[in-house]
Protein chains: 2
Amino acid sequence: MDRVPPSLTPQLDVDVPDEGLSIGDAAATVGLSVQTLRYYEREGLLLDPAPRRSNGHRRFHRNDLDWLAGLVMLRETGMPIAQVRDVAALSRTPGTERERLAAFEEHRETVVAQLKRTREHLAALDTKIAAYRAYVAREEETIHDE
Amino acid sequence: MDRVPPSLTPQLDVDVPDEGLSIGDAAATVGLSVQTLRYYEREGLLLDPAPRRSNGHRRFHRNDLDWLAGLVMLRETGMPIAQVRDVAALSRTPGTERERLAAFEEHRETVVAQLKRTREHLAALDTKIAAYRAYVAREEETIHDE
DNA sequence: GCTTGACCTATAGCGCGCTATAGGTTGTGT
DNA sequence: ACACAACCTATAGCGCGCTATAGGTCAAGC
């Protein structure tokens, strides 16, 4: 078996017609621009180049959309293009399930670390905001007192 | 009063000598490169251009370091340079405490939103990891059975 | 006295991730 | 029949945030 069965990667809850989606609809569905989607294909981030209709237009099917949703997730959690490309290459190669798992687990660690940092920054920001609120409140009082 | 008193923005718990730090030490302290620090100065992200010694070398004092820590926090939570510049400009202008507060509160919202998205992405990533773990485990079993 | 290193200014260059432009084909609605 | 939108390829350009380079001053240590 080459890839994890689709049933195990439930990403998207939109229904995709059997004939697939145009690039415009696909882009809208996953929240990318049409250019970006073509760019991703060129850069080898897709599982496969999207199949074309007789007129040369791309069609995106269910599994493409699922993959795209995952790819957007990786990108939005800060995974660089090059690394996504590596993951895509792995996912194209049968018998690399362990490596894929390792890649995802490693990325998970970076996301968790990033989350932690952001939470700490948020705390600092809250401290700053509290200080300013106190200052502004104090100023208001002073005006009242006059 | 021009700025919020330093006591209300406790950012950094390192002690800074009275004569201040060199740019190298300051950069190391706040986790930036020397070039980046100079770049930030040029771009007007500092409260004021750092004062120079007779030899033209910058000195960073306590309040500069505090500001820098805050600036790094803003940058690392994704605030663009241009917006940091605006905040710096506000912080230079007396009587703008309310605007500064508003800027920080607004940024807080974007950070919270970003945090939420990242947590959702993390959940999706965890689902993927779980699926792969199950797959790999199942594969292992199959090999055992042979 | 001379090298070494940290600093200085000024300016050019770069990596990333798109985004825009040119020039063309297809197909759908009026 | 014809305009108009959506698609196509190929390639150039751009915004952001640094980072590197050139060319120099100064201070300390060997």
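Quick note on labels: first sequence line is chain A, next is B, and so on, each numbered from 1. Computed from a predicted structure; not experimentally measured.
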S.K.: Starting at atom CZ of A/R53, determine the distance to atom C1' of C/dT28, rounded to an integer number of angstrom.
M.R.: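 One finds 13 Å between C1' of C/dT28 and CZ of A/R53, rounded.
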S.K.: Tell me whether the side-chain N/O atoms of B/R42 come closer than 4.0 Å to OP1 or OP2 in C/dT11.
M.R.: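 No.
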S.K.: Choosing from C/dT19, D/dC8, C/dC7, which nucleotide comes nearest the side chain of A/S33?
M.R.: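 Of the candidates, C/dT19 comes closest.
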S.K.: Taking only the side-chain nitrogens and oxygens of A/S22, find out if one of them lies under 4.0 Å from OP1 or OP2 of D/dC7.
M.R.: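 Result: yes.
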S.K.: Just how far, in rounded Å, is P of C/dA22 from CD of A/Q35?
M.R.: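 In whole Å, C/dA22 P and A/Q35 CD are 14 Å from each other.
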S.K.: Could you tell me the separation between the CZ atom of A/R59 and the C1' atom of D/dC7, rounded to a whole number of Å?
M.R.: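 Computing the A/R59:CZ to D/dC7:C1' distance gives 10 Å.
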S.K.: Please confirm whether the backbone N or O of A/L45 pairs with a side-chain atom of A/W67, one donor and one acceptor, at under 3.5 Å?
M.R.: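 Looks like yes, one N/O pair under 3.5 Å.
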S.K.: More 5' along DNA chain D: A/E41 or B/M79, using each one's nearest nucleotide?
M.R.: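 Looking at DNA chain D, the more 5' nearest nucleotide goes with A/E41.
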S.K.: Does B/E106 have more than 12 heavy atoms from other residues, nucleotides or ligands lying within 6.0 Å of its CD?
M.R.: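 Atom CD in B/E106 is not crowded, with 12 or fewer foreign heavy atoms closer than 6.0 Å.
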S.K.: Can you tell me how far C1' of C/dG27 sits from NE2 of A/H57, to the nearest Å?
M.R.: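 Interatomic distance, NE2 of A/H57 to C1' of C/dG27: 8 Å.
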S.K.: Taking only Lys NZ, Arg NE, NH1 and NH2, and the carboxylate oxygens of Asp or Glu, determine whether A/E105 and B/R133 approach each other closer than 4.0 Å.
M.R.: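 So A/E105 pairs with B/R133 through a salt bridge.
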S.K.: Is a side-chain N or O of B/R52 found less than 3.5 angstrom from the main chain of B/A50, in a donor-acceptor match?
M.R.: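 At least one qualifying donor-acceptor pair exists.
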S.K.: Quick one: B/R85 CZ to D/dC18 P, roughly how many Å, whole number?
M.R.: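 Interatomic distance, CZ of B/R85 to P of D/dC18: 12 Å.
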S.K.: Side-chain donor-acceptor pair under 3.5 Å between A/H107 and A/T77, yes or no?
M.R.: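 Yes, A/T77 and A/H107 have a side-chain donor paired with an acceptor closer than 3.5 Å.
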S.K.: Please tell me which of A/D25 and B/R75 maps to the more 5' nucleotide of DNA chain D, matching each residue to the nucleotide holding its nearest heavy atom.
M.R.: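 Comparing both residues, the 5'-ward one is A/D25.
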S.K.: Of all the choices, C/dT19, C/dG27, C/dC7, which nucleotide is nearest to the side chain of A/N55 once you look at every atom?
M.R.: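 Looking only at side-chain atoms, A/N55 lies closest to C/dG27.
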S.K.: Between C1' on D/dG17 and CG on B/L74, what's the gap in Å once rounded to a whole number?
M.R.: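 So the two atoms are 16 Å apart, to the nearest Å.
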S.K.: Select one nucleotide: of D/dA20, C/dT19, D/dG17, the one nearest the side-chain heavy atoms of A/Y39.
M.R.: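 From the listed options, C/dT19 comes nearest.
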S.K.: When you check the phosphate oxygens OP1 and OP2 of C/dG17, does a side-chain N or O of A/Y40 lie under 4.0 Å from one of them?
M.R.: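 So the side chain of A/Y40 is outside the cut-off, no N or O lying under 4.0 Å from OP1 or OP2 of C/dG17.
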S.K.: Measure from the side chain of A/R52, starting at C-beta and using heavy atoms only, and say which of D/dC8, D/dG17, D/dT19 lies closest.
M.R.: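 Looking only at side-chain atoms, A/R52 lies closest to D/dC8.
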S.K.: From CD1 of B/I81 over to P of D/dC16, roughly how many Å is that when rounded to an integer?
M.R.: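 After rounding, the gap between these two atoms is 10 Å.
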S.K.: Measuring to OP1 and OP2 of C/dT19, would you say a side-chain N or O of A/T36 lies under 4.0 angstrom away?
M.R.: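 Result: yes.
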S.K.: When you check the phosphate oxygens OP1 and OP2 of D/dC8, does a side-chain N or O of A/R58 lie under 4.0 Å from one of them?
M.R.: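 The answer is yes; a side-chain N or O of A/R58 sits under 4.0 Å from OP1 or OP2.
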S.K.: Please give, in whole Å, the distance from C/dC18 P to A/E43 CD?
M.R.: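 After rounding, the gap between these two atoms is 10 Å.
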S.K.: Respond yes when some side-chain nitrogen or oxygen of B/R38 is under 4.0 Å from OP1 or OP2 of D/dA20, and no when none is.
M.R.: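 The answer is no; no side-chain N or O of B/R38 sits under 4.0 Å from OP1 or OP2.
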